[in-house]
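Have a look at the structure below, then the notes.
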Amino acid sequence: MRIVVLDGYTLNPGDLDWDGLQAIGEVVIYDRTAEPQIVDRAADADIVLTNKTPLSATTLQRLPKLRYIGVLATGYNIIDLQAAKEQGILVTNVPAYSTQSVAQLVFALLLEFCHRVQRHSDSVVNGDWSNSVDFSYTVSPLIELSGKTIGLIGLGQIGKQTALIAQAMGMKVLATGSGRRAPEPVEGLTWVQLDELLQQSDVISLHCPLTPETKEFIHADRIALMKPTAILFNTARGGLLNEADVAQALNEGRLAGAGLDVLTLEPPTPDNPLLQARNVLITPHIAWATKEARARLMATAIGNVRAFIDGKPQNLIG
Ligand SMILES: NC(=O)C1=CN([C@@H]2O[C@H](COP(=O)(O)OP(=O)(O)OC[C@H]3O[C@@H](n4cnc5c(N)ncnc54)[C@H](O)[C@@H]3O)[C@@H](O)[C@H]2O)C=CC1
Ligand SMILES: O=C(O)C(=O)CO
(Lines give C-alpha, C1' and ligand atoms only; values in the text may rest on other atoms or scores of the structure.)
(Ligands and ions follow the chains in the order given, each with its own letter.)
Protein backbone atom coordinates (compact mmCIF):
# COMPACT_ATOMS: atom_id res chain seq x y z
CA MET A 1 0.00 0.00 0.00
CA ARG A 2 1.31 3.45 -0.90
CA ILE A 3 0.48 5.99 1.82
CA VAL A 4 0.97 9.74 1.37
CA VAL A 5 0.76 12.20 4.27
CA LEU A 6 0.08 15.62 2.75
CA ASP A 7 0.68 17.86 5.78
CA GLY A 8 2.36 15.98 8.61
CA TYR A 9 4.25 18.84 10.25
CA THR A 10 1.67 20.24 12.65
CA LEU A 11 0.81 16.75 13.97
CA ASN A 12 4.45 15.79 14.31
CA PRO A 13 6.86 18.73 14.35
CA GLY A 14 9.52 16.31 15.62
CA ASP A 15 8.36 15.20 19.05
CA LEU A 16 6.39 12.13 17.91
CA ASP A 17 7.28 9.44 15.38
CA TRP A 18 5.67 7.96 12.30
CA ASP A 19 7.04 4.42 12.96
CA GLY A 20 3.60 2.86 13.40
CA LEU A 21 2.53 4.13 9.98
CA GLN A 22 5.81 3.22 8.29
CA ALA A 23 5.34 -0.37 9.50
CA ILE A 24 2.11 -0.62 7.50
CA GLY A 25 3.24 0.30 3.99
CA GLU A 26 5.33 2.49 1.75
CA VAL A 27 4.96 5.94 3.33
CA VAL A 28 5.84 9.38 1.97
CA ILE A 29 5.45 12.24 4.44
CA TYR A 30 5.25 15.84 3.33
CA ASP A 31 5.38 18.55 5.99
CA ARG A 32 2.94 20.67 3.98
CA THR A 33 1.38 20.58 0.51
CA ALA A 34 0.01 23.54 -1.42
CA GLU A 35 -3.21 22.89 -3.32
CA PRO A 36 -1.58 22.81 -6.80
CA GLN A 37 0.88 20.12 -5.55
CA ILE A 38 -1.74 17.66 -4.26
CA VAL A 39 -2.43 15.72 -7.45
CA ASP A 40 1.25 15.19 -8.31
CA ARG A 41 2.08 14.05 -4.80
CA ALA A 42 -0.96 11.80 -4.29
CA ALA A 43 -1.31 10.40 -7.83
CA ASP A 44 0.07 6.94 -6.93
CA ALA A 45 -1.39 6.79 -3.43
CA ASP A 46 -3.95 4.21 -2.29
CA ILE A 47 -4.18 6.06 1.03
CA VAL A 48 -3.92 9.79 1.71
CA LEU A 49 -3.71 11.34 5.16
CA THR A 50 -4.51 15.03 5.51
CA ASN A 51 -5.03 17.41 8.39
CA LYS A 52 -6.02 20.69 6.73
CA THR A 53 -5.01 20.21 3.06
CA PRO A 54 -8.37 20.33 1.28
CA LEU A 55 -9.54 17.52 -1.00
CA SER A 56 -12.17 19.04 -3.28
CA ALA A 57 -14.27 17.26 -5.90
CA THR A 58 -11.97 18.54 -8.66
CA THR A 59 -8.89 17.23 -6.88
CA LEU A 60 -10.46 13.86 -6.08
CA GLN A 61 -11.52 13.37 -9.72
CA ARG A 62 -7.84 13.57 -10.62
CA LEU A 63 -6.93 10.84 -8.09
CA PRO A 64 -8.61 7.71 -9.55
CA LYS A 65 -6.33 5.29 -7.64
CA LEU A 66 -7.24 6.69 -4.23
CA ARG A 67 -9.26 4.33 -1.97
CA TYR A 68 -9.01 5.89 1.48
CA ILE A 69 -8.68 9.35 3.07
CA GLY A 70 -7.69 9.52 6.72
CA VAL A 71 -8.40 12.96 8.18
CA LEU A 72 -5.82 13.72 10.87
CA ALA A 73 -8.38 15.73 12.83
CA THR A 74 -11.89 15.61 14.26
CA GLY A 75 -13.35 18.24 11.92
CA TYR A 76 -13.56 17.02 8.33
CA ASN A 77 -14.98 20.08 6.56
CA ILE A 78 -11.94 20.12 4.20
CA ILE A 79 -13.17 16.99 2.40
CA ASP A 80 -15.86 16.92 -0.29
CA LEU A 81 -17.62 13.90 1.17
CA GLN A 82 -20.13 13.59 -1.67
CA ALA A 83 -17.34 13.44 -4.27
CA ALA A 84 -15.44 10.90 -2.16
CA LYS A 85 -18.55 8.73 -1.87
CA GLU A 86 -19.20 8.87 -5.62
CA GLN A 87 -15.64 7.64 -6.23
CA GLY A 88 -15.95 4.88 -3.62
CA ILE A 89 -13.28 6.47 -1.39
CA LEU A 90 -13.70 5.76 2.34
CA VAL A 91 -13.12 8.71 4.68
CA THR A 92 -12.34 8.49 8.39
CA ASN A 93 -11.63 11.05 11.10
CA VAL A 94 -10.22 10.96 14.63
CA PRO A 95 -12.91 11.68 17.18
CA ALA A 96 -12.34 12.68 20.80
CA TYR A 97 -8.53 12.78 20.81
CA SER A 98 -8.41 16.45 21.87
CA THR A 99 -11.56 16.84 23.96
CA GLN A 100 -9.81 17.76 27.22
CA SER A 101 -7.24 20.01 25.54
CA VAL A 102 -9.83 22.01 23.60
CA ALA A 103 -12.10 22.50 26.61
CA GLN A 104 -9.04 23.56 28.62
CA LEU A 105 -8.18 26.24 26.04
CA VAL A 106 -11.74 27.60 26.21
CA PHE A 107 -11.10 28.29 29.89
CA ALA A 108 -7.57 29.58 29.32
CA LEU A 109 -9.12 32.22 27.06
CA LEU A 110 -12.08 32.84 29.34
CA LEU A 111 -9.94 33.21 32.46
CA GLU A 112 -7.72 35.69 30.64
CA PHE A 113 -10.80 37.90 30.18
CA CYS A 114 -11.70 37.40 33.86
CA HIS A 115 -8.33 38.16 35.43
CA ARG A 116 -5.97 39.60 32.77
CA VAL A 117 -3.14 37.76 34.51
CA GLN A 118 -0.45 38.81 32.03
CA ARG A 119 -1.53 42.47 32.10
CA HIS A 120 -1.40 42.53 35.93
CA SER A 121 1.94 40.71 36.05
CA ASP A 122 3.43 43.12 33.48
CA SER A 123 2.23 46.03 35.58
CA VAL A 124 3.89 44.60 38.70
CA VAL A 125 7.15 43.82 36.92
CA ASN A 126 7.15 47.35 35.49
CA GLY A 127 7.11 48.77 39.03
CA ASP A 128 3.47 49.82 39.43
CA TRP A 129 2.97 47.75 42.60
CA SER A 130 6.17 49.06 44.19
CA ASN A 131 4.92 52.58 43.50
CA SER A 132 1.38 51.87 44.66
CA VAL A 133 -0.01 53.42 47.85
CA ASP A 134 -2.33 50.40 48.29
CA PHE A 135 -1.59 46.74 48.94
CA SER A 136 -3.88 45.85 46.02
CA TYR A 137 -4.85 47.51 42.75
CA THR A 138 -6.34 46.42 39.42
CA VAL A 139 -5.49 47.49 35.89
CA SER A 140 -8.74 46.15 34.41
CA PRO A 141 -12.11 44.99 35.75
CA LEU A 142 -12.19 41.48 37.25
CA ILE A 143 -15.00 38.99 36.60
CA GLU A 144 -16.20 36.10 38.80
CA LEU A 145 -17.61 33.20 36.78
CA SER A 146 -19.67 31.58 39.53
CA GLY A 147 -23.33 32.40 38.90
CA LYS A 148 -22.74 33.48 35.28
CA THR A 149 -24.42 31.64 32.40
CA ILE A 150 -22.47 29.84 29.69
CA GLY A 151 -24.25 28.83 26.47
CA LEU A 152 -22.79 25.92 24.49
CA ILE A 153 -23.63 25.58 20.82
CA GLY A 154 -23.02 21.90 20.08
CA LEU A 155 -23.05 19.36 22.87
CA GLY A 156 -20.74 16.63 21.55
CA GLN A 157 -17.45 15.55 23.09
CA ILE A 158 -15.96 19.02 23.55
CA GLY A 159 -19.24 20.73 24.44
CA LYS A 160 -19.85 18.20 27.23
CA GLN A 161 -16.33 18.55 28.65
CA THR A 162 -16.69 22.35 28.58
CA ALA A 163 -20.00 21.97 30.44
CA LEU A 164 -18.31 19.91 33.17
CA ILE A 165 -15.59 22.50 33.74
CA ALA A 166 -18.14 25.32 33.71
CA GLN A 167 -20.25 23.50 36.29
CA ALA A 168 -17.19 23.00 38.49
CA MET A 169 -16.79 26.80 38.41
CA GLY A 170 -20.36 27.34 39.53
CA MET A 171 -21.67 28.47 36.16
CA LYS A 172 -25.20 27.84 34.93
CA VAL A 173 -25.00 25.84 31.68
CA LEU A 174 -27.32 26.19 28.69
CA ALA A 175 -26.85 24.13 25.53
CA THR A 176 -28.33 23.81 22.09
CA GLY A 177 -27.75 21.48 19.17
CA SER A 178 -29.12 20.41 15.84
CA GLY A 179 -32.20 18.74 17.39
CA ARG A 180 -35.05 20.21 19.43
CA ARG A 181 -34.13 17.96 22.35
CA ALA A 182 -30.86 17.12 24.10
CA PRO A 183 -29.19 14.05 22.53
CA GLU A 184 -28.98 12.60 26.06
CA PRO A 185 -29.86 14.09 29.43
CA VAL A 186 -26.89 15.82 31.06
CA GLU A 187 -27.31 16.59 34.74
CA GLY A 188 -27.51 20.24 35.67
CA LEU A 189 -27.70 21.46 32.08
CA THR A 190 -30.67 23.17 30.43
CA TRP A 191 -31.41 22.49 26.75
CA VAL A 192 -32.76 25.59 25.00
CA GLN A 193 -33.28 26.83 21.46
CA LEU A 194 -30.52 28.90 19.85
CA ASP A 195 -32.16 32.33 20.19
CA GLU A 196 -32.83 31.82 23.90
CA LEU A 197 -29.25 30.70 24.45
CA LEU A 198 -27.91 33.79 22.68
CA GLN A 199 -30.17 36.08 24.72
CA GLN A 200 -29.41 34.58 28.14
CA SER A 201 -25.71 33.74 28.05
CA ASP A 202 -22.87 35.77 29.52
CA VAL A 203 -20.40 33.47 27.78
CA ILE A 204 -21.14 31.74 24.45
CA SER A 205 -18.92 28.92 23.19
CA LEU A 206 -19.15 27.20 19.81
CA HIS A 207 -18.60 23.43 19.62
CA CYS A 208 -20.39 22.31 16.47
CA PRO A 209 -18.98 21.23 13.10
CA LEU A 210 -18.71 23.54 10.10
CA THR A 211 -21.34 22.39 7.59
CA PRO A 212 -23.36 24.18 4.89
CA GLU A 213 -26.02 24.70 7.60
CA THR A 214 -23.68 26.26 10.19
CA LYS A 215 -21.54 28.35 7.79
CA GLU A 216 -21.45 31.95 9.11
CA PHE A 217 -24.40 31.24 11.37
CA ILE A 218 -23.09 33.75 13.90
CA HIS A 219 -23.97 36.90 11.95
CA ALA A 220 -25.23 40.42 12.71
CA ASP A 221 -28.87 39.39 13.42
CA ARG A 222 -27.77 36.73 15.90
CA ILE A 223 -25.16 38.98 17.51
CA ALA A 224 -27.97 41.50 18.05
CA LEU A 225 -29.66 38.93 20.31
CA MET A 226 -26.59 38.63 22.56
CA LYS A 227 -26.02 40.73 25.69
CA PRO A 228 -23.58 43.58 24.97
CA THR A 229 -21.62 42.23 27.96
CA ALA A 230 -21.38 38.74 26.43
CA ILE A 231 -18.04 37.18 25.45
CA LEU A 232 -17.98 34.84 22.44
CA PHE A 233 -15.59 31.88 22.12
CA ASN A 234 -14.88 29.89 18.99
CA THR A 235 -12.57 26.89 19.17
CA ALA A 236 -14.49 24.94 16.51
CA ARG A 237 -14.13 26.37 12.99
CA GLY A 238 -13.61 29.96 11.81
CA GLY A 239 -16.27 29.60 9.14
CA LEU A 240 -18.98 29.47 11.82
CA LEU A 241 -18.64 33.25 12.20
CA ASN A 242 -19.32 36.07 9.83
CA GLU A 243 -16.00 37.61 10.79
CA ALA A 244 -16.80 41.13 9.56
CA ASP A 245 -20.02 41.17 11.62
CA VAL A 246 -18.26 39.94 14.76
CA ALA A 247 -15.43 42.48 14.35
CA GLN A 248 -17.92 45.31 13.85
CA ALA A 249 -19.93 44.30 16.94
CA LEU A 250 -16.73 44.21 19.03
CA ASN A 251 -15.59 47.60 17.76
CA GLU A 252 -19.01 49.15 18.43
CA GLY A 253 -19.24 47.67 21.94
CA ARG A 254 -22.25 45.48 21.07
CA LEU A 255 -20.20 42.43 22.08
CA ALA A 256 -17.81 42.65 25.03
CA GLY A 257 -15.08 40.31 23.79
CA ALA A 258 -14.16 37.31 21.68
CA GLY A 259 -11.75 34.45 22.31
CA LEU A 260 -10.90 32.70 19.06
CA ASP A 261 -8.68 29.73 18.24
CA VAL A 262 -9.84 29.43 14.64
CA LEU A 263 -10.34 31.77 11.70
CA THR A 264 -12.01 31.27 8.32
CA LEU A 265 -8.69 31.37 6.50
CA GLU A 266 -5.69 29.85 8.32
CA PRO A 267 -3.18 31.40 8.36
CA PRO A 268 -5.22 34.61 8.10
CA THR A 269 -4.50 37.43 5.69
CA PRO A 270 -3.24 40.55 7.56
CA ASP A 271 -6.48 42.37 6.67
CA ASN A 272 -8.73 39.93 8.55
CA PRO A 273 -10.92 42.40 10.49
CA LEU A 274 -10.74 40.31 13.67
CA LEU A 275 -6.97 40.78 14.00
CA GLN A 276 -7.43 44.46 14.89
CA ALA A 277 -10.83 44.20 16.59
CA ARG A 278 -11.40 45.54 20.11
CA ASN A 279 -11.10 43.12 23.02
CA VAL A 280 -10.21 40.05 21.03
CA LEU A 281 -7.89 37.21 22.02
CA ILE A 282 -6.74 35.00 19.15
CA THR A 283 -4.60 31.86 19.30
CA PRO A 284 -3.25 30.19 16.12
CA HIS A 285 -5.44 27.02 16.08
CA ILE A 286 -3.62 25.43 19.02
CA ALA A 287 -6.49 23.93 21.01
CA TRP A 288 -5.75 20.41 19.70
CA ALA A 289 -1.98 20.69 19.77
CA THR A 290 -0.91 19.57 23.24
CA LYS A 291 1.58 16.72 22.94
CA GLU A 292 -0.82 14.45 24.82
CA ALA A 293 -3.63 15.06 22.32
CA ARG A 294 -1.36 14.77 19.26
CA ALA A 295 -0.03 11.43 20.53
CA ARG A 296 -3.60 10.13 20.83
CA LEU A 297 -4.38 11.49 17.36
CA MET A 298 -1.35 9.72 15.87
CA ALA A 299 -2.29 6.41 17.54
CA THR A 300 -5.91 6.51 16.39
CA ALA A 301 -5.05 7.69 12.87
CA ILE A 302 -2.67 4.74 12.47
CA GLY A 303 -5.31 2.42 13.97
CA ASN A 304 -7.77 3.75 11.38
CA VAL A 305 -5.37 2.92 8.51
CA ARG A 306 -4.76 -0.59 9.88
CA ALA A 307 -8.50 -1.15 10.28
CA PHE A 308 -9.09 -0.05 6.67
CA ILE A 309 -6.37 -2.39 5.36
CA ASP A 310 -7.82 -5.25 7.43
CA GLY A 311 -11.21 -4.64 5.81
CA LYS A 312 -12.83 -3.48 9.06
CA PRO A 313 -12.81 0.33 8.71
CA GLN A 314 -13.40 2.35 11.87
CA ASN A 315 -14.32 5.99 12.50
CA LEU A 316 -15.97 6.23 9.07
CA ILE A 317 -17.67 9.48 8.13
CA GLY A 318 -20.10 10.30 5.35
N1 LIG B 1 -9.54 24.07 17.60
C2 LIG B 1 -9.18 22.80 17.55
O3 LIG B 1 -7.99 22.50 17.67
C4 LIG B 1 -10.21 21.73 17.39
C5 LIG B 1 -11.43 22.01 16.85
N6 LIG B 1 -12.37 21.01 16.74
C7 LIG B 1 -13.67 21.39 16.18
O8 LIG B 1 -14.64 21.20 17.20
C9 LIG B 1 -15.79 20.60 16.65
C10 LIG B 1 -16.52 19.81 17.72
O11 LIG B 1 -15.72 18.71 18.12
P12 LIG B 1 -16.34 17.51 18.98
O13 LIG B 1 -17.09 18.06 20.12
O14 LIG B 1 -15.26 16.54 19.24
O15 LIG B 1 -17.35 16.90 17.91
P16 LIG B 1 -18.66 16.06 18.17
O17 LIG B 1 -19.02 15.45 16.85
O18 LIG B 1 -18.48 15.17 19.35
O19 LIG B 1 -19.75 17.17 18.55
C20 LIG B 1 -20.31 18.07 17.64
C21 LIG B 1 -21.71 18.39 18.13
O22 LIG B 1 -22.25 19.45 17.34
C23 LIG B 1 -23.63 19.16 17.15
N24 LIG B 1 -24.16 19.90 16.01
C25 LIG B 1 -24.19 19.54 14.70
N26 LIG B 1 -24.82 20.50 13.98
C27 LIG B 1 -25.18 21.48 14.86
C28 LIG B 1 -25.86 22.72 14.74
N29 LIG B 1 -26.33 23.13 13.56
N30 LIG B 1 -26.05 23.47 15.85
C31 LIG B 1 -25.61 23.05 17.05
N32 LIG B 1 -24.97 21.87 17.23
C33 LIG B 1 -24.76 21.10 16.14
C34 LIG B 1 -23.67 17.65 16.95
O35 LIG B 1 -24.97 17.15 17.16
C36 LIG B 1 -22.68 17.20 18.01
O37 LIG B 1 -23.33 16.99 19.25
C38 LIG B 1 -15.26 19.76 15.49
O39 LIG B 1 -16.25 19.61 14.47
C40 LIG B 1 -14.08 20.54 14.99
O41 LIG B 1 -14.47 21.37 13.94
C42 LIG B 1 -12.14 19.75 17.18
C43 LIG B 1 -10.94 19.41 17.71
C44 LIG B 1 -9.85 20.37 17.82
O1 LIG C 1 -9.15 18.05 15.15
C2 LIG C 1 -9.56 19.11 14.64
O3 LIG C 1 -10.72 19.21 14.19
C4 LIG C 1 -8.68 20.27 14.56
O5 LIG C 1 -9.12 21.35 14.26
C6 LIG C 1 -7.23 20.12 14.77
O7 LIG C 1 -6.61 19.95 13.55
Side-chain angles (χ1 to χ4, degrees), residues 5-13 30-42 50-60 71-80 83 98 101-102 105-106 108-110 112-113 118 153-154 204-224 226 230-289 294:
V5 181
L6 290 175
D7 53 359
Y9 181 78
T10 55
L11 167 57
N12 179 17
Y30 295 101
D31 278 349
R32 39 191 85 77
T33 297
E35 241 182 307
Q37 298 174 303
I38 300 173
V39 172
D40 267 1
R41 290 183 170 185
T50 172
N51 190 327
K52 294 290 173 287
T53 306
L55 293 170
S56 65
T58 321
T59 302
L60 291 177
V71 180
L72 298 171
T74 300
Y76 46 81
N77 50 291
I78 51 143
I79 309 293
D80 188 322
S98 64
S101 293
V102 179
L105 183 74
V106 173
L109 292 167
L110 176 51
E112 177 59 18
F113 280 105
Q118 189 66 53
I153 301 178
I204 295 164
S205 195
L206 304 179
H207 300 293
C208 58
L210 175 60
T211 62
E213 186 201 356
T214 59
K215 187 169 186 291
E216 292 194 12
F217 85 142
I218 299 297
H219 49 62
D221 293 348
R222 292 207 163 116
I223 297 168
M226 299 178 192
I231 308 177
L232 175 68
F233 293 87
N234 186 11
T235 55
R237 283 292 179 270
L240 297 172
L241 307 184
N242 179 312
E243 293 181 332
D245 288 358
V246 173
Q248 194 178 350
L250 288 164
N251 292 335
E252 292 174 359
R254 289 183 286 108
L255 185 60
L260 311 171
D261 184 50
V262 285
L263 292 173
T264 301
L265 185 64
E266 297 174 347
T269 52
D271 63 350
N272 183 311
L274 287 167
L275 297 179
Q276 305 304 329
R278 190 183 139 272
N279 238 350
V280 77
L281 293 173
I282 308 181
T283 47
H285 203 143
I286 58 167
W288 67 294
R294 286 184 292 106

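Just so it is clear, the structure is predicted and the values come from calculations on it, not from any experiment. Numbers here are sequence positions counted from 1.
To the nearest 0.5 angstrom, L109 atom CG is 10.5 Å from I231 atom CD1. Separation of atoms CG (L240) and CD1 (I218) is listed at 7.5 Å; rounding is to 0.5 Å. For the atom pair CG (N51) and CG (L6), the distance works out to 10.5 Å, reported to the nearest 0.5 Å. Between the OG atom of S56 and the CD1 atom of I79 there is a distance of 9.5 Å, given to the nearest 0.5 Å.
Contact record, K52 with A73: NZ-CB, 3.6 Å, taken as the closest heavy-atom pair. Closest non-hydrogen pair, A244 versus P273, comes out as CA-CG, 4.0 Å.
Partners of R222 by salt bridge (Lys or Arg N to Asp or Glu O under 4.0 Å), not counting sequence neighbours: none found. Taking the side chain to side chain donor-acceptor pair (under 3.5 Å) definition, one finds that E35 meets it with nothing, sequence neighbours left out. With sequence neighbours excluded, no residue forms a side chain to side chain donor-acceptor pair (under 3.5 Å) with T50. Checked against side chain to side chain contact (heavy atoms under 4.5 Å, CB included), Y9 has the following partners two or more places apart in sequence or in another chain: P13, D31, R32. In this view, D80 and A57, Q82, A83 satisfy the side chain to side chain contact (heavy atoms under 4.5 Å, CB included) rule, not counting sequence neighbours. By the ring pair (Phe, Tyr, Trp, His ring centres under 6.0 Å) test, F113 is found to be paired with F233, residues two or more places apart in sequence or in another chain being considered. Looking at residues two or more places apart in sequence or on another chain, you find no salt bridge (Lys or Arg N to Asp or Glu O under 4.0 Å) involving E213. For T264, the side chain to side chain donor-acceptor pair (under 3.5 Å) partners are E243, not counting sequence neighbours. The side chain to side chain contact (heavy atoms under 4.5 Å, CB included) search around N77 returns L210, R237, not counting sequence neighbours. Scanning for side chain to side chain contact (heavy atoms under 4.5 Å, CB included) contacts around P268 gives L263, N272, L275, with sequence neighbours left out.
Tested against W288, the residues L105, T10, T74 include a single side-chain contact (heavy atoms from CB on, under 4.5 Å) partner, T10. Here the rule is side-chain contact (heavy atoms from CB on, under 4.5 Å) with L206, and of L241, V262, L260, T235 only L241 fits it.
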Listed pairs under 3.5 Å, donor-acceptor, residues 276-284 side chains, sequence neighbours left out:
residue, atom, partner, partner atom, Å
R278, NH1, L250, O, 2.6
N279, OD1, R116, NH2, 2.8
N279, ND2, A256, O, 2.9
T283, OG1, D261, OD1, 2.7

Inset, instruction - Take T33 and D7 through the side chain to side chain donor-acceptor pair (under 3.5 Å) test and state the conclusion after the steps. - result: CA-CA 6 Å; T33 297; D7 53 359; over 6 Å; no

Inset, instruction - Could you please spell out the steps behind the side-chain contact (heavy atoms from CB on, under 4.5 Å) verdict for H207 and V106? - result: CA-CA 10 Å; H207 300 293; V106 173; 3.7 Å; yes

Legend entry - Evaluation steps, side-chain contact (heavy atoms from CB on, under 4.5 Å), between L255 and M226: CA-CA 7 Å; L255 185 60; M226 299 178 192; 3.8 Å; yes

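With a 4.5 Å cut-off on side-chain heavy atoms, F217 and C208 count as touching. In this structure, the side chains of I204 and I153 come closer than 4.5 Å at one or more pairs of heavy atoms.
Side-chain contact, T211 with T214: a donor N or O sits under 3.5 Å from an acceptor N or O.
For the pair N242 (side chain) and H219 (backbone), a donor-acceptor distance under 3.5 Å is absent.
Screening residues 235-268 for ring-ring contact (aromatic ring centres under 6.0 Å, His included), with sequence neighbours left out, gives no hits.
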